[in-house]
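Notes to accompany the following structure.
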There are 2 protein chains.
Amino acid sequence: MKRTPGEISKMTERFEGAIRRAGIKLTPQRIAIYREVARTADHPDIETVFRNVRRKLPSVSLDTVYRTLGLFADLGLVMTVRPLGYRLRFDANTSPHHHFVCTRCGATLDFEYREFDTLRIPAAASALGRVESRHVEFRGLCASCAPGPARSKGKSAKRTNGTRSHRP
Amino acid sequence: MKRTPGEISKMTERFEGAIRRAGIKLTPQRIAIYREVARTADHPDIETVFRNVRRKLPSVSLDTVYRTLGLFADLGLVMTVRPLGYRLRFDANTSPHHHFVCTRCGATLDFEYREFDTLRIPAAASALGRVESRHVEFRGLCASCAPGPARSKGKSAKRTNGTRSHRP
DNA sequence: TTCTTAATTAGTAAATATTCCTATTTATCG
DNA sequence: CGATAAATAGGAATATTTACTAATTAAGAA
Ligand SMILES: [Mn+2]
Ligand SMILES: [Mn+2]
Ligand SMILES: [Zn+2]
Ligand SMILES: [Zn+2]
């Protein structure tokens with residue numbers, strides 16, 4: 001799910017403006033980390049970002065990736081998703097959207113859901129507190145993992161409930 | 001959010017039947033762990049279950065808690081929730097419901113949302129794969145953490161985006 | 001451009017969290 | 001009661017995340 005060079009440039013430009021407006025330094029590490037998240041719609045986890053950024057900047061440390069993505073999240077430059085059973089993932093798409101997570105391969109895919117976004121907040125929920133954000137997670141088999149056309153991408157099965165497996 | 005003794009008995013009875021039907025052993029550890037999750041609607045995490053179960057069974061090991069809760073999740077005896085920014089939590093309420101998560105104290109509260117449950121799956125999502133389950137997470141400040149009546153439960157603020165804090 | 005300085009980073013240690021290993025215990029069934 | 005396969009405790013091993021600190025560097029001033 002690559003983004004086009006045009007999209008990436010536009011996002012990077014917005015990103016650099018936001019960093020400057022925040023009054024913090026625009027370092028090569030920050031640029032590389034942002035670009036790595038913005039490069040695709042894949043929702044990479046920390047380890048993936050780290051591995052890919054190292055190809056451009058071989059000396060970046062894991063600590064920098066953690067620190068930097070945490071900073072971006074606080075600045076609203078990236079969103080975070082934590083699909084059940086998988087690690088925290090990052091998303092440079094900050095427009096309102098929701099996620100479909102494949103219970104087999106972990107693919108995390110965006111979709112829009114206007115019908116949900118415009119639904120009123122039920123009384124049962126507003127009684128609990130002030131709702132500030134809402135998010136839907138759909139789970140199931142993604143198109144690549146679906147049986148039949150046997151077009152598996154070679155990923156192995158994965159527990160779907162967030163727990164480890166236990167011996168028989 | 002304690003459950004009544006009546007509810008707990010009923011749940012425990014169903015639990016024991018399910019364990020027997022699954023053809024696995026009904027151990028004191030399994031009973032204690034199940035009862036601890038069923039005791040409240042608090043969605044405890046592993047560490048909390050471990051700590052509380054130890055009060056009854058001081059020798060229970062953390063490994064057993066991990067293993068056992070994973071087993072229960074596979075058997076459908078508990079559900080798992082992983083609120084953004086908090087650890088994996090367990091829920092003995094297996095009826096369809098959704099969650100409100102307090103971004104300050106982490107309280108994870110159940111609510112029903114019929115309007116959502118009956119919503120059709122949007123084409124944008126079914127194009128991605130076969131949707132097998134759906135879950136809504138609302139985030140915001142819970143009633144106890146809301147400002148004003150200053151009735152804070154003493155919990156400290158917490159990052160809301162699933163990342164660690166970074167130095168200023 | 002060069003200088004100054006506070007912010008940022010790399011590298012590593014430390015702290016957490018989770019899973020694995022295996023000798024011992026035990027629930028279940030005959 | 002035994003027999004036995006399943007399950008557990010306890011500790012080791014991994015994996016993940018955060019903390020620490022000396023060295024580097026982006027950004028603004030001169
Ligand atoms: Mn997304
Ligand atoms: Mn629940
Ligand atoms: Zn898949
Ligand atoms: Zn709260």
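In what follows, chains are A, B, ... by sequence order, proteins preceding strands, each numbered from 1.
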>> Measuring from the side chain of B:Arg67 (C-beta onward, heavy atoms only), which nucleotide among D:dT8, C:dT8, C:dA27 has the closest atom?
In response: D:dT8
> B:Ile46 or B:Arg20: which one's nearest nucleotide on DNA chain C is closer to the 5' end?
Replying inline: B:Ile46
>> Between B:Phe111 and B:Phe100, is the ring centroid distance below 6.0 Å?
In response: no
>> Looking at A:Thr64, is its backbone amide N or carbonyl O close enough to the side chain of A:Thr68 to form a donor-acceptor pair, meaning the two atoms are under 3.5 Å apart?
In response: yes
> To the side chain of A:Tyr66, which of D:dA27, D:dG10, D:dT16 is closest?
Replying inline: D:dT16
> When you measure from the side chain of A:Ser61, which nucleotide among C:dA10, D:dA26, C:dT19 comes out closest?
Replying inline: C:dA10
> Would B:Leu69 end up clustered with B:Met11 when hydrophobic side chains under 4.5 Å apart are linked, directly or stepwise?
Replying inline: yes
>> From CD of B:Glu16 over to C1' of C:dA27, roughly how many Å is that when rounded to an integer?
In response: 13 Å
> What integer distance in Å separates A:Leu88:CG from C:dT18:P?
Replying inline: 14 Å
>> Quick check for you: among C:dG11, C:dT28, C:dC20, whose closest atom lies nearest to any side-chain atom of B:Leu26?
In response: C:dT28
>> With nearest nucleotide decided by heavy atoms, which residue, B:Thr163 or A:Ile19, maps closer to the 5′ end of DNA chain D?
In response: B:Thr163
>> What is the separation between atom CG on A:Asp45 and atom P on D:dA15, rounded to the nearest whole Å?
In response: 14 Å
> So what does B:Pro58 touch, heavy atoms closer than 4.0 Å: a base, only the sugar-phosphate, or nothing?
Replying inline: nothing
>> Can you confirm whether or not the ring centre of A:Phe72 sits under 6.0 Å from the ring centre of A:Phe15?
In response: yes
> Taking for each residue the nucleotide of DNA chain C with the nearest heavy atom, is it A:Leu71 or B:Pro28 whose nucleotide lies nearer the 5' end?
Replying inline: A:Leu71
> Reckon A:Gln29 has a side-chain N or O less than 4.0 Å from the OP1 or OP2 of C:dA10?
Replying inline: yes
> Rounding to a whole Å, what distance do you find between B:Arg30:CZ and D:dA7:P?
Replying inline: 4 Å
> For B:Ile31 and C:dT28, what is the distance between atoms CD1 and C1' respectively, to the nearest whole Å?
Replying inline: 14 Å
> In whole Å, what is the span from the CG atom of B:Asp63 to the C1' atom of C:dC21?
Replying inline: 9 Å
>> How many whole angstroms separate atom CG of A:Leu57 from atom P of D:dA26?
In response: 11 Å
> Looking at the side chain of A:Lys25, which of C:dG11, D:dA27, D:dT18 is the nearest nucleotide?
Replying inline: D:dA27
> Could you give the CZ-to-P distance, from B:Phe50 to C:dT16, as a whole number of Å?
Replying inline: 16 Å
>> Please pick, from C:dT8, D:dG10, D:dT8, the nucleotide with the shortest atom-to-atom distance to any side-chain atom of B:Thr64.
In response: D:dT8
> Can you name the closest pair of heavy atoms from A:Phe138 and B:Ile121 and give their distance?
Replying inline: CE2-CG2, 3.9 Å
> In terms of side-chain heavy atoms of B:Thr27, which of D:dT8, C:dA10, C:dT18 is nearest?
Replying inline: D:dT8
